[in-house]
Amino acid sequence: MLLSDVVTTSAAVGATRARREKTTALADLLRAAGPTEIVPVVAWLSGTPRQGRIGTGWRTLAAVDVPPADTPSWTVQQVDELLDELAGTSGQGSARRRRELLDRLYGTATADEQRFLHRLLTGELRQGALEGLMVDAVAAASGAGQAAVRRAFMLSGRLPETAATALAGGAEALAGIGLRVGRPIRPMLASPGDSLDAALAALGTEVTVEHKLDGARIQVHRTGDEIRVWTRTLREITAAVPEIVELTRALPCSAAVLDGETLALDDDGRPRAFQDTMSRFGTEADGDGDGGRDERGVLLSPFFFDLLHLDGHDLVDEPLETRLDLLAGLLEGDRQAPLRMPGVRRPSPEEAAAVLDGALDAGQEGVVVKDLAAPYAAGRRGKAWQKVKPVHTLDLVVLGAEWGYGRRTGSLSNIHLGARDPDGGEPVMVGKTFKGMTDELLAWQTETFPRYAREEEPGVLFLRPELVVEIALDGAQRSTRYPGGVALRFARVLRYRPDRTAADADSLDAVRALLSG
DNA sequence: GGGCGGTGCCC
DNA sequence: CTTGTGA
DNA sequence: TCACAAGGGGCACCGCCC
């Protein structure tokens with residue numbers, strides 16, 4: 001199969017908004033692919049090379065300037081091999097070597113192929129189909145049911161390999177893919193709840209309400225004395241978190257798969273800023289024999305909230321209630337008690353509210369409300385788990401706006417936000433946001449902002465600091481980028497405030513008051 | 001050896 | 001990570 | 001309801017350059 005076949009399919013997928021048409025086009029290509037081509041083709045058309053992110057981003061690719069070929073010649077296999085080499089290139093002189101490989105890749109590609117490769121390698125396929133629709137396509141092409149593909153994907157953690165299995169052996173082969181301790185599964189996610197009351201109303205009384213911590217998701221596997229740890233995206237971090245490995249080794253079991261969250265605590269047991277937790281991710285190993293505590297004293301504490309396997313028994317199909325019972329049994333001892341995620345089963349509305357208050361008083365992020373009857377549905381952001389976090393709002397000044405990309409091309413989209421200077425100077429920039437904007441609001445911004453223009457740069461329009469916008473946010477974090485030393489976290493537009501002036505906007509002190517940790 | 005841009009991945 | 005959009 | 005696209009801040013890592 002040629003790369004150009006994949007590019008043609010991608011174009012067809014991108015040309016329609018109808019999901020059925022997209023999956024049909026994808027499925028047709030999968031049927032035409034050879035057994036060894038399925039893995040790279042599925043990976044590419046779900047938006048990521050088989051090798052993962054390869055270390056060449058938009059900046060490197062923008063520097064590649066070779067004329068396109070007239071006729072397509074790359075095969076899928078050849079490109080996959082070249083990507084392998086690209087991914088394996090490191091050390092001194094690697095930048096030059098990469099440039100050579102990219103020149104070769106692009107120089108033998110047609111213009112259409114160059115554009116496809118560019119989108120693939122920057123991680124912005126933008127064909128309106130990623131893993132979700134590929135699951136449907138694999139089901140269609142293989143004749144296996146969607147549920148079977150979904151389940152195998154969740155348990156194997158990898159769609160390309162799942163697709164190869166499905167196309168080779170159909171539903172029967174998929175049924176052979178089970179949970180394997182030592183191989184991470186896709187984690188179950190929570191959807192955003194509107195409020196605690198709304199979540200309780202939606203899920204009923206057969207629920208548990210647990211603390212939601214501002215840390216990083218971890219999945220911990222144990223077989224005998226071997227322990228491995230993965231993140232939410234199934235990146236292995238075992239070597240970076242020896243303290244989690246040691247705590248898991250002390251559990252009274254021989255095999256387990258645990259799901260949880262980890263974060264850094266201060267000496268009082270209160271959560272540190274998320275940034276401190278994050279400083280421990282991305283470090284491969286620490287190797288200084290101090291059990292993980294680095295020179296800044298950041299130690300990670302794990303909190304487990306689910307159990308997917310215990311001593312030979314798979315639990316993903318069991319109701320949460322059963323999994324929680326077994327988890328409680330595993331973490332029964334005094335020594336293990338600190339590893340339990342705090343929570344209350346079947347709370348009254350008042351008790352549920354008290355759990356939320358307790359979480360916030362303890363400095364945590366909020367709560368998650370979970371249906372006790374639900375099995376572990378990995379990889380789907382269903383309604384069985386709903387997260388509830390308090391929302392803060394601020395009135396901020398619009399300092400500028402950036403021209404959008406993709407479906408926002410031609411619109412002034414991402415806005416720069418400033419807080420009032422308590423000393424009376426110009427507003428101080430504290431962040432940007434592109435969220436919360438309807439098409440109507442984008443049109444309004446695009447029409448209105450030029451009337452406030454003060455200065456223009458490529459891609460950015462700077463405004464006189466007059467427009468006030470009400471912003472929702474989760475909190476603030478310390479910043480070295482912004483002059484006030486603080487930045488907004490998860491800022492989104494609620495509405496513009498034509499009734500307010502920059503003098504009415506919230507001050508930098510109001511932003512600083514939202515700092516956590 | 002330190003600064004810096006580019007990249008990937010946490011949220 | 002959050003939100004708006006469209007099938 | 002689901003999947004996707006729009007893009008945010010910060011941190012560690014890496015290679016390159018001074």
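Below, chains carry the letters A, B, ... as their sequence lines are ordered, and counting in each starts from 1. Predicted, not measured: the structure shown is a model, and the values here were computed from it.
- Among the atoms of the strands shown, only primed sugar atoms or phosphate atoms (P, OP1, OP2) are found under 4.0 Å from some heavy atom of A/Ile54.
- For the OP1/OP2 pair of D/dC2 and a distance below 4.0 Å, the side-chain nitrogens and oxygens of A/Lys383 include no atom meeting the criterion.
- Counting any heavy atom pair closer than 4.0 Å across all strands shown, A/Gly52 reaches no nucleic acid atom.
- The interatomic distance linking A/Leu45 (CG) with D/dA3 (P) rounds to 18 Å, in whole Å.
- Using a 4.0 Å heavy-atom cutoff across all strands shown, A/Gly123 reaches no nucleic acid atom at all.
- Checking the phosphate oxygens (OP1, OP2) of D/dC16, no side-chain nitrogen or oxygen of A/Arg59 falls inside 4.0 Å.
- Side-chain proximity of A/Ala487 to the nucleotides D/dG9, D/dC16, B/dC11 is greatest for D/dG9.
- For A/Arg408 and A/Phe434, the positive end is not near the middle of the six-membered ring at less than 6.0 Å and at most 45° from its axis.
- Classification of the A/Trp444-A/Phe449 ring pair by plane angle, with boundaries at 30° and 60°, yields perpendicular.
- Protein atom CD of A/Gln477 is 8 Å distant from nucleotide atom P of D/dC11, rounded to whole Å.
- A close approach under 4.0 Å does occur between a side-chain nitrogen or oxygen of A/Lys389 and OP1 or OP2 of C/dT2.
- Residue A/Ser479 has a polar side-chain atom (N or O) positioned under 4.0 Å from OP1 or OP2 of D/dG10.
- When the side-chain nitrogen and oxygen atoms of A/Arg481 are compared with OP1 and OP2 of D/dG9, one or more of them lie within a distance under 4.0 Å.
- Close to B/dC9, at under 4.0 Å from its OP1 or OP2, lies no side-chain N or O of A/Arg232.
- At the heavy-atom level, A/Arg19 lies under 4.0 Å from base atoms of the strands shown.
- Annotation: B/dC11 and D/dG7 have their C1' atoms spaced 14 Å apart (nearest Å).
- Counting non-hydrogen atoms under 4.0 angstrom, A/Ala129 reaches the backbone sugars and phosphates but no base.
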